[in-house]
Amino acid sequence: MAQDIKPTRKNLMEIEDRIDLSERGHDTLEQKRDGLIMEFMDILDQSQDVRSGLEGDYETAQQKINMARAMEGDVAVSGAAAALEEYPEITVESMNIMGVVVPQIESTKVKKSFDKRGYGILGTSARIDEAADAYEELLESIVLAAEVETAMKKMLTEIETTKRRVNALEFKLLPELHEGKEYIDQKLEEKEREEMFRMKKVKDKKEAQEEAADEAAAAESTGA
Amino acid sequence: MSASGPANYEYVVARIRHRRAGLFGDDEYRKLLRMGTGEIARFMEDSTYKDAVDSLASRHRGMDLVEYALNEGLAAEFDALLSWSEGRLYDQLAKYLRKFDAWNVKTVFRGLYSHADTDAIRADLVDAGEFDAAFLDELLSADSVETVVDALSGTIFDTYLEPAFADYEDEDSLVPLENAVDRAYYENLNPSQPATAAQDSPEALYAEFLTAEIDFRNARNALRLARSGVSVDPAAYFIEGGTLFEASEMTTLVERQSDLVSRIQDSTYGDELSTALTALEESDSLIGFEHALDRALLSYSDHLSYVYPTSVCPVLAYVLAKEREVDNIRAIARGREAGMSEDEIQAELVML
């Protein structure tokens with residue numbers, strides 16, 4: 001690659017500017033990568049907690065609904081579920097963590113008081129209430145897990161991208177630029193040396209011509 | 001089967017004694033707890049559910065077979081009870097078994113509301129009440145909740161459903177209809193004892209039993225309201241006919257759960273429910289307390305059946321015991337299907 005560059009002083013200055021910019025970029029990206037990793041570790045801890053909570057909530061909800069189905073019947077449970085008057089809603093906003101845009105999911109109308117669940121109170125048992133409670137908990141955990149795990153995936157992608165950029169700068173671009181700079185330096189020095197040698201030769205030649213001219217003039221004047 | 005003439009307590013009780021001996025006991029439940037759903041169905045084939053399992057086995061398998069066989073077995077059993085009963089006994093029994101009519105009406109409402117398949121709704125019906133198969137088919141063929149409400153005119157649910165239907169149309173919620181159906185059932189149990197009956201007569205004890213059932217239902221709902229912390233008028237969820245508390249007291253009791261618990265503790269049911277009430281204060285779940293109520297009702301009905309062996313009491317005790325057997329087998333089968341442990345399933349069973 002280095003051989004492709006014209007070894008001119010202008011190119012040398014350009015390469016020096018690019019090296020300076022790349023080194024600054026490398027430092028910044030390294031800091032960003034480290035920062036992202038630290039944020040990622042925090043989110044990872046949170047995600048593990050949320051995930052284990054989610055699994056627990058899922059098991060509880062399944063157990064409660066199985067027993068509700070066993071005691072109240074399938075149609076009663078699905079009828080109670082279908083009788084819901086207000087459906088849960090989610091709103092998605094975005095949040096910026098070190099340049100990474102991650103979603104912030106807010107859920108509303110997930111938890112309901114049992115007079116808003118749509119099924120009769122007088123003849124039902126606490127089983128359906130507890131199954132509904134457990135599923136409301138589960139739904140909230142799912143929303144939280146979606147938020148945290150999406151953030152985690154986005155952070156991971158960004159860390160990977162940043163890592164690739166840092167590596168590209170560190171192991172590809174900067175070595176090539178340094179190589180190019182060295183090549184131009186060498187070529188310029190070589191050119192300088194050649195120029196000096198040439199100048200010296202010209203000077204020697206001129207001196208030799210002058211000497212020859214002087215000698216010819218001296219011989220002429222002696223002959224005359 | 002006739003509602004007129006003298007009651008034939010002796011005949012029905014004699015037949016029930018025999019049936020009662022065939023109910024599943026601890027040993028059977030222990031065996032069932034170790035079985036899968038297929039094995040449970042096979043085990044049921046060797047019991048009183050044989051006919052139901054045989055007739056359904058070609059169409060269903062696994063949990064469905066168990067569930068449908070249980071419903072069919074229960075319906076056949078209670079139909080038989082009604083067919084043996086005569087006179088006042090028939091009246092008393094039919095009135096009590098209307099709980100299945102209420103269940104069927106609610107199931108049809110729920111099925112129509114959730115646009116469930118007719119076969120799925122039919123599978124959850126229990127043909128053990130007063131409504132015959134033709135009437136249930138009429139309800140099932142209804143294309144809207146309004147048609148079902150119209151079809152129920154002339155039944156005990158009629159006057160309760162009329163105002164509830166207006167609320168249903170306003171709110172587009174099944175709550176008023178379901179509450180109306182349950183209220184119609186409980187308030188028509190009419191536990192008030194005849195003025196002429198002596199304090200310890202079978203009639204008085206029968207009334208006491210029905211009162212206990214209504215009281216337990218009110219206690220259960222009051223505790224659910226207290227736990228939920230919602231700001232609704234608790235009196236709207238009160239069922240008349242109990243003695244535990246009045247509708248006017250319910251608001252105060254629901255606001256302070258400790259007062260409600262003390263009220264139950266100080267009542268005639270206090271001794272029977274004391275352990276459950278203590279556990280209730282420490283636990284988040286009401287299910288244990290509901291089990292204790294079911295157990296207390298079972299035990300009370302059993303006690304009455306020994307005090308008055310030739311009255312409606314042994315018949316009602318058998319009805320409760322049979323229902324509990326069905327609930328227990330269903331809980332075991334569902335629990336096994338869901339992979340629950342033996343201990344978890346055992347906790348859901350109510351046994352005496």
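Here is how names work: the chains are called A, B, and so on, in the same order as the sequence lines, proteins then strands, and each is numbered from 1.
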*Asks:* Using the six-membered ring wherever Trp is involved, compare the ring planes of B:F245 and B:F238 and label them parallel, tilted or perpendicular (cut-offs 30° and 60°).
*Replies:* tilted
*Asks:* Would you check if the distance from the ring center of B:F165 to the ring center of B:Y168 is below 6.0 Å?
*Replies:*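 Distance test on ring centres: under 6.0 Å, yes.
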*Asks:* Checking side-chain polar atoms at under 3.5 Å, does B:Y96 have a donor or acceptor matched by the opposite partner on B:E213?
*Replies:*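 Yes, a side-chain donor-acceptor pair sits under 3.5 Å.
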*Asks:* Any chance NZ of A:K111 has more than 12 other-residue heavy atoms, nucleotides or ligands included, within less than 6.0 Å?
*Replies:* yes
*Asks:* Can you tell which part of B:I239 gets under 4.5 Å to a heavy atom of chain A, answering side chain, backbone, both or neither?
*Replies:* side chain
*Asks:* Which of the residues B:N218, B:V326, B:I287, B:I345 is involved in the greatest number of heavy-atom pairs with chain A at under 4.5 angstrom?
*Replies:*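 Most heavy-atom pairs within the cutoff with chain A belong to B:I287.
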*Asks:* Is it the side chain or the backbone of B:R224 that comes within 4.5 Å of chain A heavy atoms, both, or neither?
*Replies:*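 The answer is both parts of B:R224.
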*Asks:* Which one of B:R220, B:R183, B:K99 has the most heavy-atom pairs closer than 4.5 Å to chain A?
*Replies:*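 Between B:R220, B:R183, B:K99, the count favours B:R183.
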*Asks:* Check each atom of A:D129 against the heavy atoms of chain B and say whether the ones under 4.5 Å are side chain, backbone, both or neither.
*Replies:*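 Side chain of A:D129 only, per the 4.5 Å heavy-atom cut-off to chain B.
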*Asks:* For B:K106, is it the side chain, the backbone, both, or neither that has a heavy atom closer than 4.5 Å to a heavy atom of chain A?
*Replies:* side chain
*Asks:* Tell me if a side-chain donor or acceptor on B:N179 pairs with a main-chain N or O of A:G120 at a distance below 3.5 Å.
*Replies:*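 No, because the side chain of B:N179 does not come within donor-acceptor range (under 3.5 Å) of the backbone of A:G120.
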*Asks:* What part of B:L225 gets closer than 4.5 Å to chain A, counting heavy atoms only: side chain, backbone, both or neither?
*Replies:* both
*Asks:* Is atom NZ of A:K32 surrounded by more than 12 heavy atoms (other residues, nucleotides or ligands) closer than 6.0 Å?
*Replies:*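 Yes, because the 6.0 Å sphere around NZ of A:K32 holds more than 12 heavy atoms from other groups.
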